Asks: 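The structure under discussion is supplied below as structure tokens; questions concerning it will follow.
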2 protein chains.
Amino acid sequence: MQWQLHPEMNPNLFLKDPENSVIGKKVIKNGVGLIRKIGFELFTFKKLAEEIGTTEATIYRYFENKHKLLNYIVCWYFHWLDYQVMFNTHNITGYSTKIKITIDILTWQLDANHVNNYDIAIDDLHEIIVSESSKVYLTKHVTEDNKEELFLPYKKLCYNISELFKAYNPNYKYPKSLSSTMIEMAHYQDFFMTNLPSLTDFGGKGDNASVKDFLENLVFAALAKKD
Amino acid sequence: MQWQLHPEMNPNLFLKDPENSVIGKKVIKNGVGLIRKIGFELFTFKKLAEEIGTTEATIYRYFENKHKLLNYIVCWYFHWLDYQVMFNTHNITGYSTKIKITIDILTWQLDANHVNNYDIAIDDLHEIIVSESSKVYLTKHVTEDNKEELFLPYKKLCYNISELFKAYNPNYKYPKSLSSTMIEMAHYQDFFMTNLPSLTDFGGKGDNASVKDFLENLVFAALAKKD
DNA sequence: TTAATTACGATAGTATTACTATTATTTTAT
DNA sequence: ATAAAATAATAGTAATACTATCGTAATTAA
């Protein structure tokens, strides 16, 4: 599937399409690995350049700065996630089931559905999303970035899930906020469970099935038809 | 009230207590103002030093780095918030009412309750919390920081709210996760409403009363006794 | 009271980061 | 085969994130 290799990324995210060259692909692939390993704050283009055997300047030809690279990675992930949701809820009857499947995907209940034959290490990617993705929009330049549509895949996923919620219960007043809450909490509760367990109810167990249970309970409680 | 001026801050947050000197207080007060103005990424000790008429090195005597200063500010805020919740729910009968008051405070439904006679500009502080607070724990050193109890006020607030939830419905399975969800979403939905409105249902209106309504609906739906 | 100690802030650094400008090399087009 | 274009490497600079040292002021100790 050509689409999987070239998920029409927004050109505002890069200076030169990393998908079109060997070094470009290494920037993404090893970038994901290095950010996961040392965290976004300590991550630099110099360190990445050393790892892939090139120079800083070369990487700057692909991305304006490390923030844009993170934004690219985050977009790639949400694009991929949106596709997973679409693909796995397709031809399923019942909005309740569709919502449950969506929660499964968001909370990383990985199984055969999530086969990936990408260059990007998808588990590393997920780890980055959990601890770094919000840094992409929590900036002073969020408005300009938004105008350049740098958050489109996130917004699209949020919209698609909100439409599921509306289909399940057309009277529910906050489908979009519930959708963004669910997406954020799939990541935050995961991060808390691992790193600050006292902020969750999944202390000892610590598997993402617990996050799934929590979100399912929360979402269906919120959406419950009161008649 | 002496307590308000000296909310027993964790000494691991600073090298030298900023409350004990004029310059120290300026570091906090002007630090809050400057971070709010230019954002945490562009904020430097040099810029802050220029603003308060001192040098970088002086500020480094108080705080190890800018991250610790942000951590101090965030702790101060959650400490203050925890006190607000405790004070305003005290002597109120009915856990439902207590929870509603807590949501009011979290979603910044400011009124006479929130009188502040601090040096810190409390509205600037709230703006910082909304867009910068998660950066304090979304790091690779979260575990070591947690061991030094740098997130105690947040964890305490989360715990206190979870106890309210448990009192309201002892059978609810996820009081802590619901509590951290509510705290995070009070800030995130506020940020989204202002900066990425399509992720919320409060597009045009855009007041924090909408966030309050959403959270009240969500929390009471989750906690609803099913019998 | 005076000497010693401590506290404090200012000066002047360094290593790293985040880039940019220029030059060299390779690729592609004709 | 040669010109044009694309690409990468070299070599920078300005800003950032600190650190080490020094002088002065305040505090305390004999």
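Note that the structure is a prediction, hence the values are computed from the model and not measured. Naming convention: chains lettered A, B, ... in sequence-line order (proteins, then strands); numbering from 1 in each chain.
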Asks: Between P on D:dA8 and NZ on A:Lys26, what's the gap in Å once rounded to a whole number?
Replies: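 Nearest whole value for this atom pair: 11 Å.
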Asks: Between A:Glu132 and A:Lys135, does at least one N-O distance fall below 4.0 Å, as a salt bridge requires?
Replies: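 A:Lys135 and A:Glu132: salt-bridged.
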Asks: Could you state the atom-to-atom distance from CZ of A:Phe45 to C1' of C:dT17 in whole Å?
Replies: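 It works out to 12 Å between those atoms.
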Asks: Quickly work out the B:Asn20 CG to D:dT27 P distance and round it to whole Å.
Replies: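 One finds 13 Å between P of D:dT27 and CG of B:Asn20, rounded.
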Asks: Can you confirm whether B:Tyr62 sits close enough to B:Ile23 that some side-chain heavy atom of one is under 4.5 Å from a side-chain heavy atom of the other?
Replies: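 Contact flag for B:Tyr62/B:Ile23 side chains = yes.
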Asks: Can you tell which of D:dA17, C:dA18, C:dG9 lies closest to the side chain of A:Glu56?
Replies: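 The listed nucleotide nearest to A:Glu56's side chain is C:dA18.
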Asks: Hey, are A:Lys46 and A:Glu56 close enough for a salt bridge, meaning a charged N less than 4.0 Å from a carboxylate O?
Replies: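 Answer for the salt bridge query: no.
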Asks: Within this structure, what is the CD-to-C1' distance between A:Glu64 and C:dT17, rounded to whole angstrom?
Replies: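 Spelled out: CD on A:Glu64 to C1' on C:dT17 is 16 Å.
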Asks: Counting any heavy atom closer than 4.0 Å, what does B:Thr54 reach on the DNA or RNA strands: base, sugar-phosphate only, or nothing?
Replies: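 Sugar-phosphate, backbone atoms only, no base.
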Asks: Side-chain N or O of A:Lys46 versus OP1/OP2 of C:dT16: is the shortest distance under 4.0 Å?
Replies: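 Negative; the distance criterion is not met.
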Asks: Atom OH of A:Tyr62 to atom C1' of D:dT7: distance rounded to whole Å?
Replies: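 In whole Å, D:dT7 C1' lies 8 Å from A:Tyr62 OH.
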Asks: Kindly say whether, by distance alone, the side chain of A:Arg61 makes a donor-acceptor pair under 3.5 Å with the base of D:dA8?
Replies: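 Yes, a donor-acceptor pair under 3.5 Å.
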Asks: Choose from D:dT7, D:dA9, D:dC18 the nucleotide whose nearest atom is closest to any side-chain atom of A:Lys16.
Replies: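 It is D:dT7.
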Asks: Roughly, in whole Å, what's the span from CG in B:Asp17 to P in C:dC8?
Replies: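 Going from CG in B:Asp17 over to P in C:dC8 covers 11 Å.
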Asks: With nearest nucleotides of DNA chain C determined for A:Lys47 and B:Ala57 from heavy-atom distances, which residue corresponds to the more 5′ nucleotide?
Replies: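 It is B:Ala57 whose nearest nucleotide is closer to the 5' end.
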Asks: Measure from OH on B:Tyr60 to C1' on D:dT21 and round the result to the nearest Å.
Replies: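 In whole Å, D:dT21 C1' lies 17 Å from B:Tyr60 OH.
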Asks: With a 4.0 Å cut-off on heavy atoms, is B:Thr55 in touch with a base, just the backbone sugar-phosphate, or nothing at all?
Replies: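 Base contact.
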Asks: Within the structure provided, determine whether A:Tyr159 and A:Ser179 are in side-chain contact (heavy-atom separation under 4.5 Å).
Replies: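 No, their side chains stay 4.5 Å or more apart.
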Asks: With the side chain of B:Thr58 defined as its heavy atoms from C-beta on, choose the nearest nucleotide among C:dA10, D:dA17, C:dT20.
Replies: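 Side chain of B:Thr58 sits closest to C:dA10.
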Asks: Check whether any side-chain heavy atom of A:Ser210 sits under 4.5 Å from a side-chain heavy atom of A:Asp201, and report yes or no.
Replies: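 No, every pair of side-chain atoms sits at 4.5 Å or beyond.
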Asks: Between C1' on C:dT17 and CD1 on A:Ile59, what's the gap in Å once rounded to a whole number?
Replies: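 About 14 Å, once rounded to whole Å.
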Asks: Please pick, from C:dA10, D:dA17, C:dT17, the nucleotide with the shortest atom-to-atom distance to any side-chain atom of A:Thr44.
Replies: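 Ranking C:dA10, D:dA17, C:dT17 by closest atom to the A:Thr44 side chain puts C:dT17 first.
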